[in-house]
2 protein chains.
Amino acid sequence: MAKTIIFGHKNPDTDAICSAIGYADLKQKLGMDAEPVRLGAVSKETQYALDYFEVKAPALMEEVEPGTDVILVDHNEFQQSVANIKDARITEVVDHHRISNFETSEPLYFRAEPVGCTATILNKMYKENGIAVPKQIAGLLLSAIISDSLLLKSPTCTQEDVDAAHELAEIAGVDLHTYGLEMLKAGADLGDKSISELLTMDAKEFSMGGAKVEIAQVNAVDTEQIYALQTEIEAEIANLIKEKELDLFLFVVTDILNNDSEVLAVGNGKSKVEAAFNVDLDHRSRALLKGVVSRKKQIVTALTEAYEK
Amino acid sequence: MAKTIIFGHKNPDTDAICSAIGYADLKQKLGMDAEPVRLGAVSKETQYALDYFEVKAPALMEEVEPGTDVILVDHNEFQQSVANIKDARITEVVDHHRISNFETSEPLYFRAEPVGCTATILNKMYKENGIAVPKQIAGLLLSAIISDSLLLKSPTCTQEDVDAAHELAEIAGVDLHTYGLEMLKAGADLGDKSISELLTMDAKEFSMGGAKVEIAQVNAVDTEQIYALQTEIEAEIANLIKEKELDLFLFVVTDILNNDSEVLAVGNGKSKVEAAFNVDLDHRSRALLKGVVSRKKQIVTALTEAYEK
């Protein structure tokens, strides 16, 4: 049997990497020759989790071998996947995002659930298959939930995520809140990041009513510290807009202690940001979005609506 | 709580209607205010099943009320759904087809599995929720499996479908083969159908490499009896091609006793049919496809590949 490759989205976050590792473990136990890979650099947050639970990062994959069987976790939109995804045969998807720009020519196993994290679905799949979650994998799945839910505070976080997080913390043998805050803080340490890294480390591109929109998000303990570099940030965003022919680039700096986001909008679509969030961008093209922490649930949905109006 | 409307695809077959009824029953038992509807006429085959198990056909729905919560069963491609599907809020999909031309702005519950029939997945969902399948619903789900698998003979039929069919026949209190053949024969009785009905009763439109392809399938006991009307059939297909701006119309007459299909190809895409199935269309633009009974697994996949080459 040929090997099946499992991966999360480009610019991988903790869920993208840990769910690939977790699902590969489950699939191996079910008899599949499965290997997790990653489509980009490991973030500090993810590295903290991998180090804590003593798991090696999956190998980096640039392109998929044509004809390979692949399983996508934590994404389905092709522009967020490996560049030559159309050359692969997608046999499964396990995800918790909206569905868009995804198609296959054959039936497949596609499981999307409106929960806060892919790892929550995987925790359920271990149970459905009567297989115990190993301690290290439990730690990684827990880390994914903490990351996606900003320690269970994001509006995307459902009761299922909360329950899964507590179960997994127990198996992993950690205190959910102590471990979670340390992991988030490790990820919010942006001191050594270049401007370019800040704009790409967790960036996703979306198609909205025909427009090309890129949304980059970083977690921070002090948002002002990042915006001290606004001039340089804007110059780099201008390059990205030109290079990728974007209509809008939204840079979202999320304050993990206060659970707000300070956003910077660049491009022709600035008015869409104002309409979507009912705010005025200030003279620096910035706005504070109170209580907004979720790109998926609070930003993409509102912006898509503004673009499709 | 507002009502959720559940429906299968346009030109409904037995799975589209019976899975809508079945899933509405399960959802009601789980506390949802759910109502099954249908997007088109009830076929003779489906009517046979409804009459046998004494269930009323769901109401016909022409358009969905904007803003309504809807659940799609047995389809996901928007061109196969209600015309104004984009005005509805899709909360769930349960399906067994390829995924294409489907998108949402919000996460949802999407469950597709590569099995032969939606009803097979529903049988599993009853079990997962610890709810017994009622006798009448078991009869309808069984009918859907028999219909989609041509009495377990189609290559789309998996072991899961076979197992589900036997379980459901037991609950429904019928002999699988005796009941199944009677139901299929009721559906293959085309004596009273107009040409237009033959071409629309089970027709689906597909987008293949930019081309618009419509594939209509009818089951028959005697394929020659249908092709006695070929001149009239071709004239009507020519109208459909003009009206819908199709690149290809493929009319598939499936012999339910011999498990072959005699196809008629009309439109610019005739060469794609020859390439896809490695056959020559004869002077009547027809070809016998030996062992081909499944539109999904044997026709759509091969044609899509020919179009995308």
Side-chain angles (χ1 to χ4, degrees), chain A residues 72 74-78 86-87 89-118 120-121 124-125 127-128 148 155-156 158 160 206-209 276 294-309, chain B residues 72 74-78 86-87 89-118 120-121 124-125 127-128 148 155-156 158 160 206-209 276 294-309:
Chain A
L72 312 187
D74 198 35
H75 74 297
N76 66 81
E77 305 192 35
F78 284 174
K86 294 209 174 179
D87 298 336
R89 183 170 162 268
I90 304 169
T91 60
E92 292 192 32
V93 177
V94 181
D95 192 14
H96 68 120
H97 294 90
R98 71 166 189 179
I99 296 169
S100 185
N101 191 20
F102 177 87
E103 64 170 2
T104 56
S105 61
E106 284 175 71
L108 76 164
Y109 181 90
F110 192 112
R111 181 167 183 165
E113 299 190 21
V115 293
C117 183
T118 306
T120 300
I121 306 170
K124 202 180 340 182
M125 291 174 81
K127 289 190 215 174
E128 287 168 4
D148 272 12
T156 58
T158 67
E160 275 196 67
F206 299 90
S207 152
M208 297 181 182
S294 165
R295 174 166 50 195
K296 180 167 78 168
K297 196 145 187 165
Q298 296 173 298
I299 298 177
V300 173
T301 45
L303 256 184
T304 301
E305 208 171 286
Y307 266 102
E308 291 182 349
K309 210 165 257 172
Chain B
L72 313 187
D74 197 35
H75 72 299
N76 66 81
E77 304 192 36
F78 284 174
K86 294 208 175 180
D87 298 338
R89 182 169 161 270
I90 304 170
T91 60
E92 292 191 31
V93 176
V94 181
D95 192 14
H96 68 120
H97 294 89
R98 72 166 188 178
I99 297 169
S100 185
N101 192 18
F102 177 87
E103 63 169 2
T104 57
S105 62
E106 283 175 73
L108 75 164
Y109 181 91
F110 193 111
R111 182 168 183 164
E113 299 189 20
V115 293
C117 183
T118 306
T120 299
I121 306 170
K124 201 178 343 181
M125 291 174 82
K127 288 190 215 174
E128 287 168 3
D148 272 11
T156 58
T158 67
E160 276 196 66
F206 300 89
S207 154
M208 297 180 183
S294 164
R295 173 166 51 195
K296 182 168 77 168
K297 196 143 185 166
Q298 297 173 297
I299 298 177
V300 173
T301 45
L303 255 184
T304 300
E305 210 172 285
Y307 265 103
E308 290 182 349
K309 210 163 260 174

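Naming: A, B, ... by sequence-line order, numbering from 1 per chain.
For B/Lys296, the part sitting under 4.5 Å from any heavy atom of chain A is the side chain, from C-beta outward, and nothing else.
Proximity to chain A at a heavy-atom threshold of 4.5 Å picks out B/Thr301, B/Thr304 from residues 301-309 of chain B, in numerical order.
With respect to chain B, the highest number of heavy-atom pairs below 4.5 Å among A/Arg98, A/Glu128, A/Glu103 belongs to A/Arg98.
Of all heavy-atom pairs spanning B/Pro107 and A/His96, the tightest one is CB-O, 3.6 Å.
Here CZ of B/Arg111 is found 6.0 Å from OH of A/Tyr109. Values are rounded to the nearest 0.5 Å. Within the model, atoms CD1 of B/Ile99 and CG of A/Asn76 stand 8.0 Å from one another, a figure rounded to the nearest 0.5 Å.
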